[in-house]
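What follows is a single structure, written as structure tokens, with notes after it.
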Number of protein chains: 2
Amino acid sequence: MANETENMQGFSPIDFLRTRSLANVVQHEIERMIVEGEFTPNERINENALAQQLKVSRGPIREACSALAALGLIQVIPNRGFFVRELSEDEARDVSEARAYIFACMTMSVAERITDAEVARLRVLVDRMDALAKTGEVSQYYPVNLEFHSELARMCGNARLAQIYLGLARELHIQRYRALASGDVLDISNREHRAIVEAVAARDPQQAFTAGRAHIVNGTSRTRRASVALRHGSD
Amino acid sequence: MANETENMQGFSPIDFLRTRSLANVVQHEIERMIVEGEFTPNERINENALAQQLKVSRGPIREACSALAALGLIQVIPNRGFFVRELSEDEARDVSEARAYIFACMTMSVAERITDAEVARLRVLVDRMDALAKTGEVSQYYPVNLEFHSELARMCGNARLAQIYLGLARELHIQRYRALASGDVLDISNREHRAIVEAVAARDPQQAFTAGRAHIVNGTSRTRRASVALRHGSD
DNA sequence: CGACAAAAAATTGTTGACAGTTTACCAAAA
DNA sequence: TTTTGGTAAACTGTCAACAATTTTTTGTCG
């Protein structure tokens with residue numbers, strides 16, 4: 001129809017046409033709102049208000065929330081509604097630990113199957129991060145770091161493992177356990193990257209597992225320390 | 001209320017009642033139908049027919065299917081409906097491998113934190129399975145085997161890891177990669193159980209990881225062999 | 001007889017309305 | 001002032017109807 005192009009804002013028209021179901025669009029919109037803080041943890045999602053705001057009826061809203069509940073991002077309490085899920089201290093610890101384990105498994109798998117060409121590709125990324133860490137360019141370091149991690153996820157040759165890893169990372173991201181990096185932290189982090197690359201280059205699965213797990217565990221405690229420092233600083 | 005305390009088994013009855021919306025009931029019903037073969041892989045789920053059969057309207061059906069789609073059990077094709085998801089050969093391999101990795105992480109974690117009392121509890125289970133394997137009582141062996149695995153999941157001290165493990169196991173179960181056991185297979189399988197117990201009893205995480213991974217990997221190939229044999233036998 | 005187009009049927013997508021439950025509010029009594 | 005009881009508003013749970021799309025059937029022409 002002609003007016004399809006009117007009411008799409010922020011979405012590419014291709015995506016809009018691919019998943020024409022409103023529920024799907026709504027789901028991604030709610031996800032975005034949670035990530036960007038328009039919904040706070042434990043807040044109730046008012047179906048009527050959201051329906052009015054997004055100009056749809058409650059049906060698609062409820063379908064989207066059901067899906068997000070299954071994904072663990074939303075909690076449902078019968079007769080009271082959908083609530084943005086907040087991880088307890090214990091749950092956050094479990095998710096972080098699980099993420100470390102699964103990342104370790106990924107690097108282990110990479111060590112068992114990596115080619116020389118792939119080793120070279122990882123080395124390029126680590127070298128580039130080294131240079132950026134030296135100059136302290138956090139904003140440029142971050143995307144390369146992301147690429148390094150997703151490159152490993154691809155190389156592990158197990159799409160499901162990678163998917164689980166990304167899901168856990170997203171959950172932590174939503175809960176505002178975000179990586180906050182300063183100069184020397186970048187350097188330490190990249191030294192761990194190098195340890196991973198050397199382990200997989202040596203085709204040593206044990207060592208790769210250990211290095212991978214250590215990287216996430218250390219990263220988690222670095223993030224936690226930074227966020228505690230921030231909290232004390234701003235109070 | 002007075003009768004709250006009466007019929008609580010495992011979890012509180014208040015939770016039981018609180019999670020009962022029609023959509024939730026329908027979700028479990030569809031799940032059951034898939035597991036028990038009333039829906040075959042790739043079959044379309046007819047919303048009207050199912051609504052009539054379950055005596056509800058299409059709203060709850062769609063909410064339930066959205067949730068199952070998020071869980072990966074159902075596939076959505078816009079304007080064509082919900083389809084029972086079938087794992088491809090590659091996907092099934094990935095899921096099996098991921099399950100092995102995560103079980104290995106669980107046993108590794110158990111080795112790092114297990115108490116003497118818990119070691120004793122595991123030994124009791126393995127001994128009991130040994131006795132049942134000798135007599136070849138498959139139907140009695142199976143529940144003890146299940147208890148052994150869930151006991152390990154509990155002991156690993158990470159609810160999220162355990163949840164992921166169970167999700168993967170369920171997915172494979174639904175896809176009919178089921179454990180089919182005969183006498184000597186039981187014996188071999190339980191020898192692997194014993195290897196896991198000895199590794200965690202020695203507080204050796206490395207060894208526990210190896211033993212745990214091997215158990216699932218071997219179990220998968222045993223199941224696969226059995227199912228191939230069955231298929232050839234029945235054709 | 002087969003290919004193709006048009007009509008009909010079946011099915012999904014979406015909406016608004018109504019019933020049942022929870023929450024908020026307010027007045028009266030202790 | 002606090003508590004209690006009851007009423008009204010807000011909200012969720014469910015449904016049936018309508019719109020849009022896909023699939024099946026039917027009819028026509030080569």
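Sequence lines set the chain letters: A, B, ... in the order given, protein chains first and strands last, and positions in each chain run from 1.
For the residue pair A:T40 / A:E43, a side-chain donor-acceptor distance below 3.5 Å is found, with atom types taken as modelled.
Between the CD atom of A:E63 and the P atom of D:dT14 there is a distance of 14 Å, rounded to whole Å. Atom pair B:N24:CG and D:dT14:C1' shows a separation of 15 Å (rounding to whole Å applied). The CG atom of B:L54 sits 15 Å away from the C1' atom of D:dT14 (whole-angstrom rounding). In this structure, the CD atom of B:Q52 is 19 Å from the P atom of D:dT14, given to the nearest Å. Rounded to whole Å, atom C1' of D:dA16 lies 15 Å from atom CD1 of B:I61.
A donor-acceptor contact shorter than 3.5 Å links the side chain of B:E118 to the backbone of B:T115.
For B:F82, there are no ring pair (Phe, Tyr, Trp, His ring centres under 6.0 Å) partners at least two apart in sequence or on another chain.
Note on A:E91 versus A:R85: salt bridge recorded, some NZ/NE/NH1/NH2 to OD/OE distance being below 4.0 Å. Salt bridge annotation for A:E171-B:R160: present, with a cationic side-chain nitrogen under 4.0 angstrom from a carboxylate oxygen. The pair A:E112-B:R213 meets the salt-bridge criterion, with a side-chain N (NZ, NE, NH1 or NH2) lying under 4.0 Å from an Asp/Glu carboxylate O.
Comparing A:R58 and B:I77, the nucleotide of DNA chain C nearest to each residue sits closer to the 5' end for B:I77.
Considering only side-chain N and O atoms, A:R62 lies under 4.0 angstrom from the phosphate OP1 or OP2 of D:dG13.
Each of D:dT21, C:dT15, C:dT22 was ranked by its minimum atom distance to the side chain of A:N79; first place goes to C:dT22. Listed candidates were D:dT21, C:dT14, D:dC15. Nearest to the side chain of A:L22 is C:dT14.
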Between the protein and nucleotides 9-11 of chain D, list every N/O to N/O distance that falls short of 3.5 Å.
unit_1: D:dC11; atom_1: OP1; unit_2: A:N46; atom_2: ND2; d: 2.9
unit_1: D:dC11; atom_1: O3'; unit_2: A:R44; atom_2: NH2; d: 3.3

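As judged by a 4.0 angstrom heavy-atom cut-off over every strand, A:G59 is placed among the base-contacting residues.
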